[in-house]
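Down below is the structure, laid out as structure tokens.
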Number of protein chains: 2
Amino acid sequence: MTGEAPEAMIASAVKLLAKHGFQATTFSSVLKDSGAPRGSIYYHFPEGKDQLIAAAVDLAGDRALAFTDSFRGLPATEVVDAFAGLWRAVLVRSEFSAGCAVLAVTVSADVPGLVDRAAAIFMSWRERLGQALEEAGIEAASARALALTIIASCEGATVLCRAERSLEPLDVVAAHLRGLVAASAPPS
Amino acid sequence: MTGEAPEAMIASAVKLLAKHGFQATTFSSVLKDSGAPRGSIYYHFPEGKDQLIAAAVDLAGDRALAFTDSFRGLPATEVVDAFAGLWRAVLVRSEFSAGCAVLAVTVSADVPGLVDRAAAIFMSWRERLGQALEEAGIEAASARALALTIIASCEGATVLCRAERSLEPLDVVAAHLRGLVAASAPPS
DNA sequence: GTCTATACGAAGATAGAC
DNA sequence: GTCTATCTTCGTATAGAC
């Protein structure tokens with residue numbers, strides 16, 4: 001089926017970005033991880049590495065977005081736990097060796113177009129998470145502000161968890177976030 | 001004076017880590033930025049690049065630590081603003097092209113020793129910021145938990161600010177953090 | 001302390017055969 | 001679609017002169 005090899009490469013790129021960042025996500029490592037053939041790199045990605053990374057950033061963004069959409073209908077504090085749980089799962093599954101691919105691209109890619117793409121992903125997360133909070137009964141402006149804080153603090157906590165090889169940062173942050181959200185949410 | 005060239009290289013490494021991450025912080029770029037002579041790299045850093053980066057991580061950590069110590073005596077909400085202000089200054093001065101060197105090493109260095117070093121830095125920040133909050137009247141356990149959340153969310157917000165080229169994430173997060181801290185602090 | 005020269009590997013990318 | 005071969009550039013690191 002057409003499109004299988006490139007898809008596998010993009011998925012591997014997401015994994016490698018989350019683990020080692022932009023420069024360390026090389027064609028060699030992507031091929032090794034995905035099992036894709038070396039000869040067709042520039043057939044599938046004529047613009048080279050930047051094109052592959054751009055696709056990987058989009059995939060990482062879409063995955064989180066799809067996950068966020070599954071929060072619809074949850075009470076506000078459970079939305080917080082679900083989002084934190086996404087990062088907890090990434091950390092545990094990787095034994096604290098992986099984090100957020102979009103964050104990694106933001107801080108280690110020098111290509112402006114990729115950073116812009118990362119910004120668009122963060123914005124899309126903000127909007128959808130804000131919607132989920134709004135549907136949980138939080139007023140619109142507060143919901144958008146809270147969504148931003150939830151994303152920023154979970155991203156930061158995930159980095160601290162990786163460094164310290166512990167879930168404590170994410171757990172502590174999530175507890176504070178629940179308090180923040182509960183203060184704006186209607187009583188359940 | 002002995003030690004000037006290596007110091008300049010370490011300072012440049014901090015800057016380059018904050019801007020481009022671990023792999024992109026090469027000897028070439030460090031020499032170019034610092035003006036240090038190429039011939040003495042391995043005289044000053046016999047263990048090579050990892051030794052330089054380790055020194056840079058320590059310097060970045062110590063700088064933030066010294067800054068955090070200047071918070072002693074401030075009311076709790078002002079401690080939040082001061083810490084957020086540190087990152088705001090980094091973003092503005094670099095026109096949104098730099099962030100935290102310690103975070104960059106955590107997510108883009110594959111050398112375990114360097115990640116451990118980054119973890120130690122984060123821990124030292126947690127302790128000192130916790131002390132500052134405790135001196136502002138917050139109960140010990142709460143102060144330590146709040147310090148962790150402040151660090152994690154400012155780190156994450158700084159990444160979002162870089163991506164979006166805007167201070168909004170940091171401003172929104174700081175406002176939420178002030179609320180969180182005020183709820184635990186004695187009335188001023 | 002600083003230099004040049006050099007070794008070695010790995011990166012991204014291109015050309016052309018199959 | 002996939003291969004091999006090759007080019008160029010750049011990275012870390014070492015050796016030895018000054």
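Proteins get letters first, then strands, A, B, ... in listed order; numbering begins at 1 in each. Small disclaimer: the values here were computed from a predicted structure and weren't measured.
Counting only residues at least two apart or on different chains, the side-chain hydrogen bond (donor to acceptor under 3.5 Å, both in side chains) pairs with a member in residues 96-105 of chain A are A:Lys19-A:Ser97. Applying the side-chain hydrogen bond (donor to acceptor under 3.5 Å, both in side chains) test to residues at least two apart or on different chains, the pairs with a partner in residues 141-155 of chain B are A:His176-B:Thr149, B:Glu139-B:Ser142. The list of side-chain hydrogen bond (donor to acceptor under 3.5 Å, both in side chains) pairs with a residue in residues 46-59 of chain B, not counting sequence neighbours, reads B:Asp58-B:Arg117. Residue pairs meeting the salt bridge (charged side-chain N to carboxylate O under 4.0 Å, His left out) criterion with at least one partner in residues 126-136 of chain A, sequence neighbours excluded, are A:Asp69-A:Arg128, A:Arg72-A:Glu135, A:Arg126-B:Glu164, A:Arg126-B:Glu168. For residues 92-114 of chain A, no pair satisfies salt bridge (charged side-chain N to carboxylate O under 4.0 Å, His left out), with sequence neighbours left out.
Atom CZ in B:Phe45 sits roughly 13 Å away from atom P in C:dG1 (whole-Å rounding). Straight-line distance from the CD1 atom of B:Ile41 to the P atom of D:dA13: 10 Å, rounded to whole Å. Residue A:Leu52 contributes atom CG, which lies 14 Å from atom P of C:dA11 at whole-angstrom precision. Here the C1' atom of nucleotide C:dA15 and the OH atom of A:Tyr42 are 13 Å apart, to the nearest Å. One interatomic measurement links the two molecules: CG of B:Asp110 to P of C:dA11, which rounds to 12 Å at whole-angstrom precision. Across the protein-nucleic acid pair, A:Arg38 atom CZ and C:dG12 atom C1' stand 10 Å apart, rounded to whole Å. Look at CE on B:Met9: it is 10 Å from P on D:dT12, rounded to the nearest Å. If you measure from atom CG of A:Asp50 to atom C1' of C:dA11, you get 13 Å, rounded to the nearest angstrom.
For DNA chain C, the residues of residues 10-37 of chain A within the heavy-atom distance limit of 4.0 Å (strictly under) are A:Thr26, A:Phe27, A:Ser28, sorted by number.
Dashed line: the shortest gap from a side-chain N or O of B:Tyr43 to OP1 or OP2 of C:dT2 is not under 4.0 Å. Look at B:Ser40 and you'll find a side-chain N or O under 4.0 angstrom from OP1 or OP2 of C:dT2.
Each of B:Glu47 and B:Gly39 was assigned the nucleotide of DNA chain D with the nearest heavy atom; the assignment lying further toward the 5' end belongs to B:Glu47.
When distances are taken from the side chain of A:Ala5 to each of C:dT4, D:dT14, D:dT2, the shortest belongs to D:dT2.
Contact detail for B:Ile138 and B:Ala76: the closest heavy-atom pair is CD1-CB, 3.8 Å.
By the 4.0 Å N-to-carboxylate-O rule, B:Asp116 lies too far from A:Arg165 to be salt-bridged with it.
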